[in-house]
Amino acid sequence: MNNSTTTHFIRKIIEDDIAQGRCPAGIHTRFPPEPNGYLHIGHAKAICLNFGMATEYQGKCNLRFDDTNPEKEDLKYVEAIQEDVRWLGFDWEDRLFFASDYFTRLFEFAVALIEQGKAYVDALSAEQMREYRGTLTEPGVDSPYRERPVAENLDLFRRMKAGEFADGELSLRAKIDMRAPNLNLRDPVIYRIRRTPHYRAGAAWCIYPMYDFTHCLSDALEHVTHSLCSLEFEDHRPLYDWFIDNLDTPARPRQYEFARLNLEYTVLSKRKLVELVEGGYVRGWDDPRMPTLSGLRRRGFTPHSLRTFCARIGLTKNDTWIDASMLEHAIRDELGVTAPRRMAVLRPLKVVIDNYPDDQEELLDAANHPQDPSMGTRQIPFGKVLYIEQDDFMEDAPRKFFRLAPGREVRLRYAYFITCNEVIKDAASGAVLELRCSYDPATRGGNAPDGRKVKGTLHWVSARHAQLAQARLYDRLFAVANPDQGKQDWKSCLNPASLEILDDCLIEPDLTQAAPEQRFQFERLGYFCADRQDWQPDHPVFNRIVTLRDSWAKMGKR
RNA sequence: UGGGGCGUGGCCAAGUGGUAAGGCACAGGGUUUUGAUCCCUGCAUUCCCAGGUUCGAAUCCUGGCGCCCCAGCCA
């Protein structure tokens, strides 16, 4: 394959910083999720970037939980997030941090700001504050409390911390510029009173710092050099710099922004993902149709394929919608070389080989990978009664149909050439019940000694040896590429056929030995993964990760 | 005449004054015991538009147009 990774703008910034000697201790990045939900493929882009840059330039990357809002956060998310990041293949070593661990130092920074006359305690209500802030086109107005003396601010702020005021009664604001064209600079609130216990800090605090104040200082405390975040924080950067410039911090981190990921046929906003789960549109956060890392994992995507995907979509500041085929390509590309091949019949059609001895059975050699002999071979049982795919038979077949049809000869993979002689149908419905065929004993293994060719090769299983299995076939969650874009309700765009469960699949006996999360290519069908939750040796469950490319199906659509 | 960003093929994306990389997708062809893989081939006379500078512009200048983000005591 090709491993073309381009030198994107972040790499250029880093390389320039290193060349100029601005990072004597090496570069340092961080992945800073708020533990208020599950990670999705959009986060994977940020994770790969932050950890990737650190590895690439011999630097370090921290995992930091941005947990400054006790109302939304929970320990279960910090655990799930760590599992997902680790699964993706990244290691923060001993650098697991929590913004909540900085509460005391953050408080001291706030005091320092007050002492410099650069922060004040405001008594405006939230509604009043909104009025005073002005609008996009009108400047804001100074709060009547803006010129409160330093000593009074100090006293009030300490008493806020001590719990002397009700939630929302007072707030601490940075004193910047109420007429700034950038709304973020109009005296942003940096501390609010919230008598909500924190999932880690408990009831120790009743005041909590805001994101803008916390993030830059946490970066500085951790000696982060490159703070990479998404584009919507672009106009927070002046604020980021303002805090760093006005406080005595141990380091001078810089923020850089990149465009977040949008993927076709899915949604990536937390609000919508929650709605999918809570509305019962999917079977949970790890539903294999979900774009969450746990969903992609359960579906069968590998960490490597996700990393490759992230590397190939590039990194810019452009608003982009990545074509769904990019993700499919990433996993096909990998599994094409790594997945052992097996035979499974999803929708069985009975085939009886009339001229095959009734009680005869034999074991036939099959390669585990046609291009990779090192993956070895296995033996597949063959007998008089077999099953093939319903789609592989057509009674009135067009010329280009290379599969089985009355009077036509095909190859059963690794077995024999067979010819269809008779079609048994249900008298009432006319449905095809079984095929009576004959085989050519000379073609054992799949080659004709007389050199004759067949156009089609079919997968099959032996009726007597096959095991029953469930296959879950997934398709795109949404029927339209950009469910977010239209004027219609995004939920009305859900693909009603995103999940199809097949309970009567027949798999070759070897497949019952699979372990949960093991991946295979079911020949001619696609890549499948043993479900990590529901797979049982006596009840095999396989998730279809992705189909094989199918130029035959494509012809049918034209 | 609020501020900040972004506009290169169907989707991504290189390119930063010297005559449009690459990937995905798509379309042909070859190999093939998976209609898969693999291998060739094709796919922007043109870079949002209009002017200008220059021997030469996707790249520089001017003026438009389009799209995204911001008015939480969320992150």
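Lettering follows sequence order; numbering is per chain, from 1. In this text, all values refer to a predicted model and were calculated from it rather than measured experimentally.
- A:G336 comes within 4.0 angstrom of no nucleic acid atom, judged by non-hydrogen atoms across all strands.
- For CZ of A:R179, the number of neighbouring non-hydrogen atoms (other residues, nucleotides, ligands) closer than 6.0 Å is 12 at most.
- Proximity of A:R192 to the phosphate of B:rC74: a side-chain N or O atom is located under 4.0 Å from OP1 or OP2.
- Aromatic pair A:Y416/A:F382: centroids less than 6.0 angstrom apart.
- Positionally, the nearest nucleotide of RNA chain B for A:G446 lies more toward the 5' end than for the other of A:N69 and A:G446.
- A:R194 comes within 4.0 angstrom of a nucleotide base, judged by non-hydrogen atoms across all strands.
- One donor-acceptor pair, N or O on each side, does fall under 3.5 Å between the base of B:rG3 and the side chain of A:D235.
- Taking only side-chain nitrogens and oxygens, A:H329 comes nearer than 4.0 Å to OP1 or OP2 of B:rC24.
- Salt bridge present: A:D101 and A:R200 bring a charged side-chain N and a carboxylate O closer than 4.0 Å.
- At the heavy-atom level, A:H236 lies under 4.0 Å from base atoms of the strands shown.
- Note on A:K400: a base of the nucleic acid sits closer than 4.0 angstrom, heavy atoms only.
- We find that CZ of A:F233 is positioned 14 Å from P of B:rC69, with the value rounded to whole Å.
- Salt-bridge formation is detected for the pair A:E257/A:R237: a Lys NZ or Arg NE/NH1/NH2 atom is positioned less than 4.0 Å from an Asp or Glu carboxylate oxygen.
- Counting non-hydrogen atoms under 4.0 angstrom, A:L548 reaches a base of the nucleic acid.
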Base contacts versus sugar-phosphate-only contacts with protein, heavy atoms under 4.0 Å: please encode nucleotides 5-11 of chain B as B, S and - from 5' to 3'. SSS--BB
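- Across the protein-nucleic acid pair, A:N184 atom CG and B:rC70 atom P stand 10 Å apart, rounded to whole Å.
- Taking atom P in both B:rG23 and B:rC38, the straight-line distance is 12 Å, to the nearest Å.
- Of the residues in residues 33-47 of chain A, those lying under 4.0 Å from RNA chain B by heavy-atom distance are A:E34.
- Rounded to whole Å, the distance from CG on A:L183 to P on B:rC69 is 15 Å.
- Around CZ of A:R444, the count of heavy atoms belonging to other residues, nucleotides or ligands within 6.0 Å exceeds 12.
- A:E328 comes within 4.0 angstrom of nothing in the nucleic acid, heavy atoms only.
- When heavy atoms are screened at a 4.0 angstrom cut-off, A:R173 is found touching no nucleic acid atom at all.
- Within the structure, every side-chain polar atom (N or O) of A:T457 is placed at least 4.0 Å from both OP1 and OP2 of B:rU32.
- Contacts of A:M129 with the nucleic acid, taken as non-hydrogen atoms under 4.0 Å apart, include base atoms.
- At least one donor-acceptor pair closer than 3.5 Å links the side chain of A:E508 to the backbone N or O of A:M343.
- Residue A:T68 places at least one side-chain N or O closer than 4.0 Å to OP1 or OP2 of B:rA75.
- Residue-level contact check: A:L185 touches neither bases nor backbone, having no heavy atom under 4.0 Å from any strand.
- Residue contacts for A:R413: at a heavy-atom cut-off of 4.0 Å it reaches a base atom on one of the strands shown.
- The listed nucleotides are B:rU16, B:rU34, B:rC73; the one nearest the side chain of A:K12 is B:rU16.
- Checked for salt-bridge contact, A:D66 and A:R30 miss the test: no charged N lies under 4.0 Å from a carboxylate O.
- When distances run from any side-chain atom of A:M210 to the nucleotides B:rA75, B:rA71, B:rG35, the shortest one goes to B:rA75.
- Checking the phosphate oxygens (OP1, OP2) of B:rU32, no side-chain nitrogen or oxygen of A:K453 falls inside 4.0 Å.
- For the C1' atom pair drawn from B:rU53 and B:rC61, the interatomic distance equals 7 Å after rounding to whole Å.
- Separation of the P atoms belonging to B:rA20 and B:rA57 is 12 Å when rounded to the nearest angstrom.
- More than 90° away from 0 lies the glycosidic angle of B:rG52, which makes this nucleotide anti.
- Although no hydrogens or angles enter the test, the distance criterion places a donor-acceptor pair under 3.5 Å between the side chain of A:D67 and the main chain of A:S100.
- Within 4.0 Å (heavy atoms only), A:R549 reaches sugar-phosphate atoms of the nucleic acid but no base atom.
- The stretch residues 261-270 of chain A participates, sequence neighbours left out, in these side chain to side chain donor-acceptor pair (under 3.5 Å) pairs: A:N36-A:K270.
- In secondary-structure terms, RNA chain B builds stems of at least 3 consecutive Watson-Crick or G-U pairs, each pair having both distances under 3.5 Å, at B:2-7 with B:65-70, B:10-12 with B:22-24, B:26-30 with B:38-42, B:48-52 with B:60-64.
- One interatomic measurement links the two molecules: CG of A:L327 to C1' of B:rC12, which rounds to 13 Å at whole-angstrom precision.
- Residues passing the side chain to side chain contact (heavy atoms under 4.5 Å, CB included) test with A:V454, sequence neighbours excluded: A:E409, A:R411, A:F417.
- Comparing atom distances between the A:Y211 side chain and each of B:rG2, B:rC73, B:rA75 picks out B:rA75 as nearest.
- Here the P atom of nucleotide B:rG22 and the CD1 atom of A:I313 are 21 Å apart, to the nearest Å.
- Nucleic acid contact for A:F401: base, since at least one base atom lies under 4.0 Å from a heavy atom of the residue.
- Which of B:rU34, B:rG35, B:rC12 sits closest to the side chain of A:R403 comes down to B:rG35.
- Salt bridge present: A:R173 and A:D122 bring a charged side-chain N and a carboxylate O closer than 4.0 Å.
- The separation between A:D187 atom CG and B:rG72 atom P is 15 Å, rounded to whole Å.
- Nearest-nucleotide positions on RNA chain B for A:D212 and A:R341 put A:R341 closer to the 5' end.
- One atom, OH of A:Y191, and another, C1' of B:rC74, lie 16 Å apart when rounded to the nearest Å.
- Residues satisfying the side chain to side chain contact (heavy atoms under 4.5 Å, CB included) test with A:T320, not counting sequence neighbours, are A:N318, A:I322.
- Salt-bridge annotation for A:D440 and A:R452: present, with a side-chain N of the basic residue lying under 4.0 Å from a carboxylate O of the acidic one.
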Using the salt bridge (Lys or Arg N to Asp or Glu O under 4.0 Å) rule, take A:R519 and A:E334 through it: C-alpha gap first, then chi angles, then the decisive distance, then the call. CA-CA 11 Å; A:R519 302 169 184 87; A:E334 176 184 347; over 6 Å; no
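- Only the P atoms considered, B:rG10 is 34 Å distant from B:rA71, to the nearest whole Å.
- Among the candidates A:R146, A:K118, A:K175, the single residue satisfying the salt bridge (charged side-chain N to carboxylate O under 4.0 Å, His left out) test with A:D187 is A:R146.
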Verify side chain to side chain donor-acceptor pair (under 3.5 Å) between A:T302 and A:S305, making sure each step is shown before the conclusion. CA-CA 5 Å; A:T302 60; A:S305 68; 3.1 Å; yes
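- Within the 4.0 angstrom heavy-atom criterion, no nucleotide atom of any strand lies near A:T214.
- Between B:rA44 and B:rG51, the distance separating the two P atoms is 25 Å to the nearest Å.
- Look at the P atom in both B:rG42 and B:rA50: the space between them is 30 Å, to the nearest Å.
- Atom-to-atom, CG of A:L124 to P of B:rC73 comes out at 11 Å; the value is rounded to the nearest Å.
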